[in-house]
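First the structure, in the form of structure tokens, and then the observations on it.
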2 protein chains.
Amino acid sequence: MALPTLSSRDKILDVAEALFARRGFEGVGMREIATAAGLGKSSLFHHFRSKPQLYYEVLGRVIERLHDRLAPVVASHSGSIEKLDRLIDVLVDALAEQPTTARLLLRALFEEDATAHDQLPEAIKCEQVLADTLEGIQRLLREGVDAGVFRSVSVAHTVQTLIGATVYHFASGELGDGLLGRPLLSAEAVSRRKEELHNLFHHGLVVRPA
Amino acid sequence: MALPTLSSRDKILDVAEALFARRGFEGVGMREIATAAGLGKSSLFHHFRSKPQLYYEVLGRVIERLHDRLAPVVASHSGSIEKLDRLIDVLVDALAEQPTTARLLLRALFEEDATAHDQLPEAIKCEQVLADTLEGIQRLLREGVDAGVFRSVSVAHTVQTLIGATVYHFASGELGDGLLGRPLLSAEAVSRRKEELHNLFHHGLVVRPA
DNA sequence: GTCTATACTACGATAGAC
DNA sequence: GTCTATCGTAGTATAGAC
């Protein structure tokens, strides 16, 4: 019963998200998005002024979804190790549940054509929420280092490693499937990914009292 | 004195590599490549039959460059820890010296339009060389695990982490620059990246005798 | 809010002169 | 080996009827 009668706008955002994730900003046409949403091309331009604006609204939704799941973790009052474990779990689950997220985020790093329109309010919103999310992760790591729980690593480099280990992993598609010998998004592969990352960072980041 | 009179073909491959790395397969037009190489569009089609063929020749060159640098490392007869360190150093240096490599490789995971042409001989060559390179890395890790030098990790997951930690890192562009507070490709950032990765994997992967 | 029709530009690719 | 000219298609975006 409610399938809550998705508005045209939300329907468009959904199909655009899937298409942009698969083929990128340049690879998708407004016509294709419109017909996939069951509309004419001109109706699409009624809902979104331009292609870059639509793209950044799609990207903004994705970043916000991620932000909303990670924010409680970094704001929680547990120890640094528990927080890191929880961060990994939540991040991996989020990327696994929404398979478009990882690719859309990685693509966003590259798409210079969209970056050419980064004065758009939708683009600025994206950057702000992303920056806030990254700051939270950095804070989590910085607190662990300051408390002597983590080694005195470079926080920035560790964030990069963490992104690579999660976002890249779930964006790696057929290459990842081939390496693992099973689908990246299968339940076993997802829980194994968490386990491997927990182990890597427990051994690699946490200071063991001799 | 030689500037060795770059052939038209090589000149085209160079400019196409730069453009594909920046804007992807769909984002670059044959016309743009031609004029950037100092040719007319039709002359470009004389050297390369189609856009996908040109793309895969560019990608193949990049993958082979990487393969040629990594092959001696995985074939060498040193210990697993030394090999891993050397692998990290060579990989990081290669990605830092050729800034197009990381983006081109990551993009190649996504570009489905090019993947639609994966029956091309140039595409098959790419896949073979890449597979060979990845097998070498897997062998390196497997040997370390079997020798009891490395923890009994999933080799496939560790390869994924290694790729993320290097290829993603050097493809991360402005985001990475912002996190590090300096250019990703600066000498300090590059040598710091090696150091951080050495430390992470020494602590996180190598078995310490108690 | 959705449609048809249209304007204009760029795309990949080909033909044929030089 | 490079050029001009051209084909057919598809791109973003707009105007205006319903």
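Residue numbers start from 1 in every chain, and the chains themselves are labelled A, B, ... in the order their sequence lines are given, proteins ahead of strands.
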*Spell out yes or no: do the side chain of Ser42(A) and the base of dA13(D) have one donor N/O and one acceptor N/O closer than 3.5 Å?*
no
*asked:* dC3(D), OP1 or OP2 - any side-chain N/O from Ser43(B) closer than 4.0 Å?
replied: yes
*Should His47(B) be listed as having a side-chain N or O under 4.0 Å from OP1 or OP2 of dT2(D)?*
yes
*Have Ser172(A) and Gln160(B) got a donor and an acceptor in their side chains that come within less than 3.5 Å?*
yes
_Using OP1 and OP2 only, check whether a side-chain N or O of Ser8(B) sits under 4.0 Å from dT2(D)._
yes
*asked:* Side chain of Lys41(A), heavy atoms from C-beta onward: which of dA13(D), dA13(C), dC3(D) has the nearest atom to it?
replied: dA13(D)
*Starting from C1' on dG12(C), measure out to NE2 on His117(B) and report it in whole angstrom.*
11 Å
*Verify whether one side chain among Arg142(A) and Thr158(A) offers a donor that lies under 3.5 Å from an acceptor in the other.*
no
*Find the distance between OG1 (Thr133(B)) and CZ (Arg69(B)) and round it off to the nearest 0.5 Å.*
13.0 Å
*What's the NZ-C1' distance between Lys11(A) and dT2(C), to the nearest Å?*
16 Å
*What's the CE-P distance between Met30(A) and dT14(D), to the nearest Å?*
10 Å
*Taking atom types as modelled, find out whether Glu196(B) and Ser154(A) have a side-chain donor-acceptor pair closer than 3.5 angstrom.*
no
*Interatomic distance where CZ belongs to Arg31(B) and C1' belongs to dG11(D) [whole Å]*: 15 Å
*Separation of Leu54(B) atom CG from dA13(C) atom P, in whole Å?*
10 Å
_Integer-rounded Å distance: dC11(C) P and Leu44(B) CG_ = 12 Å
*Check Leu106(A), Val167(A), Thr166(A) against Tyr168(B) for a side-chain contact (heavy atoms from CB on, under 4.5 Å) and give me the one that passes.*
Leu106(A)
*If you check every side-chain atom of His46(B), which of dG12(C), dA13(D), dG1(D) has the closest atom?*
dG1(D)
*Glu26(B) has an atom CD; how far is it from atom C1' of dG12(C), in whole Å?*
11 Å
*asked:* Rounded to whole Å, please give me the gap between CD1 in Ile33(A) and P in dA13(D).
replied: 11 Å
